[in-house]
Amino acid sequence: MLDVALAPLGPWHAEATLRWLQDPVVAENIGLRSTASLERTQDFIARAAEDPTIAARAILEGGVHVGNVVLDHIDRHASKARLHVYVGEATARGRGVGKRAVALALDLAFGEVGVDKVWLTVHAGNANAKAVYLAAGFVVEGVHRAEFVLRGDRIDEIYMGVLRTDLARARA
Ligand SMILES: CC(C)(COP(=O)(O)OP(=O)(O)OC[C@H]1O[C@@H](n2cnc3c(N)ncnc32)[C@H](O)[C@@H]1OP(=O)(O)O)[C@@H](O)C(=O)NCCC(=O)NCCS
């Protein structure tokens, strides 16, 4: 049984986060635009703790920090938020940690954060991430043609969403 939990992202998570953002597997797949630095990472973590439109959490496996989930663009009017996830520690990938972390992130979004919809985008080549999102209850809502730039190639970006009511039905 996997022991996966989410904890508030704090300054002590900055170094591992930076290491993962410098890993091309993470940076390319999440579409990182700027070069990561410790200062930027620390700034993001400090801002996220204060900003009501962001809920950032560390993914812990057996108490060890292995990745992050971030809900941002929390929009109270439309009652929706965007989800980002990365299991940064390569040894933690492909074992179900991402799947569990996304399920916990949805509990956070529909529970404590209190929105009614979670959306995300994923590039068309990221089959692993797509599988995780579909398993969590997301559905494909559309395709933004050639909107994602991956190593210089323009590829499709898939828009996925899950409603509070979808999840209640899927988990019933
Ligand atoms: C995407 C990511 C979060 C998934 O987390 P993970 O812990 O590696 O994934 P899990 O082990 O929970 O689940 C992987 C699922 O994808 C499936 N999968 C793996 N490779 C696949 C492939 N090439 N095609 C289809 N499905 C695939 C697995 O079979 C598994 O599904 P199952 O449990 O039904 O067998 C993680 O790999 C990651 O952080 N990658 C780098 C950053 C990234 O891509 N983030 C997402 C940006 S949108």
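Note that the structure is a prediction, hence the values are computed from the model and not measured. Along the sequence shown, the residues carry numbers beginning at 1. Counting starts at 1 for both ligands and their atoms, in listed order.
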Report yes if some N/O of Val85 lies less than 3.5 Å from some N/O of ligand 1; otherwise report no.
yes

Starting at NE2 of His144, measure out to CD1 of Ile158 and round the result to the nearest 0.5 Å.
10.5 Å

Report yes if Ala131 has an N/O atom closer than 3.5 Å to an N/O atom of ligand 1; otherwise report no.
no

Minimum-distance pair of heavy atoms, taken over all atoms of Ala92 and Glu61
CB-OE1, 4.2 Å

Write out the residue and atom name of the closest protein heavy atom to atom 12 (O) of ligand 1, then the distance separating them to 0.1 Å.
Lys99 N, 2.8 Å

Here the atoms of ligand 1 under 4.0 Å from any heavy atom belonging to Tyr86 are 39 (O), 42 (C)

N or O contact, Gly98 vs ligand 1, cut-off under 3.5 Å:
yes

Look up atom 6 (P) of ligand 1 and tell me if a protein heavy atom lies less than 4.0 Å from it?
yes

Inspect the surroundings of CZ in Arg145 and state if more than 12 heavy atoms from other residues, nucleotides or ligands are less than 6.0 Å away.
no

Rounded to the nearest 0.5 Å, how far does CG of Leu106 lie from CG of Leu83?
6.5 Å

Let me confirm one number: the CD1-CH2 distance from Ile45 to Trp12, rounded to the nearest 0.5 Å.
9.0 Å

With sequence neighbours excluded, what pairs up with His65 under the ring-ring contact (aromatic ring centres under 6.0 Å, His included) test?
His13, Trp20

Between the candidates Val4, Val87, Ile158, which shows the shortest non-hydrogen contact distance to atom 39 (O) of ligand 1?
Val87

Please check if a non-hydrogen protein atom sits closer than 4.0 Å to atom 2 (C) of ligand 1.
no

For Gly137 and Val162 the tightest heavy-atom approach is O-CG2, 3.4 Å

Do ligand 1 and Val26 have nitrogen or oxygen atoms that lie under 3.5 Å from each other?
no

Go through ligand 1 atom by atom and flag the ones less than 4.0 Å from a non-hydrogen atom of Gly96.
10 (P), 11 (O), 12 (O)

ring-ring contact (aromatic ring centres under 6.0 Å, His included) filter on Phe138, not counting sequence neighbours, yields Tyr133

In ligand 1, the atoms that come under 4.0 Å of a heavy atom of Val122 are 48 (S)

If only side-chain N and O atoms count, and only distance matters, is there a donor-acceptor pair under 3.5 Å linking Tyr86 with Asn68?
yes

Which option wins on minimum heavy-atom distance to atom 43 (C) of ligand 1: Val97, Asn29, Asn128, Val69?
Asn29

Atom 30 (C) of ligand 1 protein-contacted, heavy-atom criterion under 4.0 angstrom:
no

Here the gap from Leu9 atom CG to Thr41 atom OG1, rounded to the nearest 0.5 Å, amounts to 10.0 Å

Would you check the N or O atoms of Arg95, main chain and side chain alike, for any that come under 3.5 Å of an N or O of ligand 1?
yes

Check this for me: Glu141, atom CD, are more than 12 non-hydrogen atoms of other residues, nucleotides or ligands nearer than 6.0 Å?
yes

Any N or O on Tyr133 sitting closer than 3.5 Å to an N or O of ligand 1?
no

How far is atom 8 (O) of ligand 1 from the closest protein heavy atom, and which atom is that?
Gly94 N, 2.8 Å

Applying a strict under-4.5 Å side-chain criterion to I, L, V, M, F, W and Y, I'd like to know whether Ile59 and Val113 cluster together.
yes

Run down the list Ala129, Ala136, Ala103, Ala127 and name the one with the heavy atom closest to atom 22 (C) of ligand 1.
Ala127

How close does the nearest protein non-hydrogen atom get to atom 44 (O) of ligand 1, and which residue and atom is it?
Asn126 ND2, 2.8 Å

How long is the span from the CD1 atom in Ile74 to the NZ atom in Lys80, to the nearest 0.5 Å?
12.5 Å

Under 4.0 Å, heavy-atom basis, I'd like to know which part of Val132 is in contact with ligand 1: side chain, backbone, both or neither.
side chain

Structural part of Leu120 in contact with ligand 1, heavy atom criterion under 4.0 angstrom
neither

Polar proximity ligand 1 side, Thr121 side, N/O cut 3.5 Å exclusive:
no

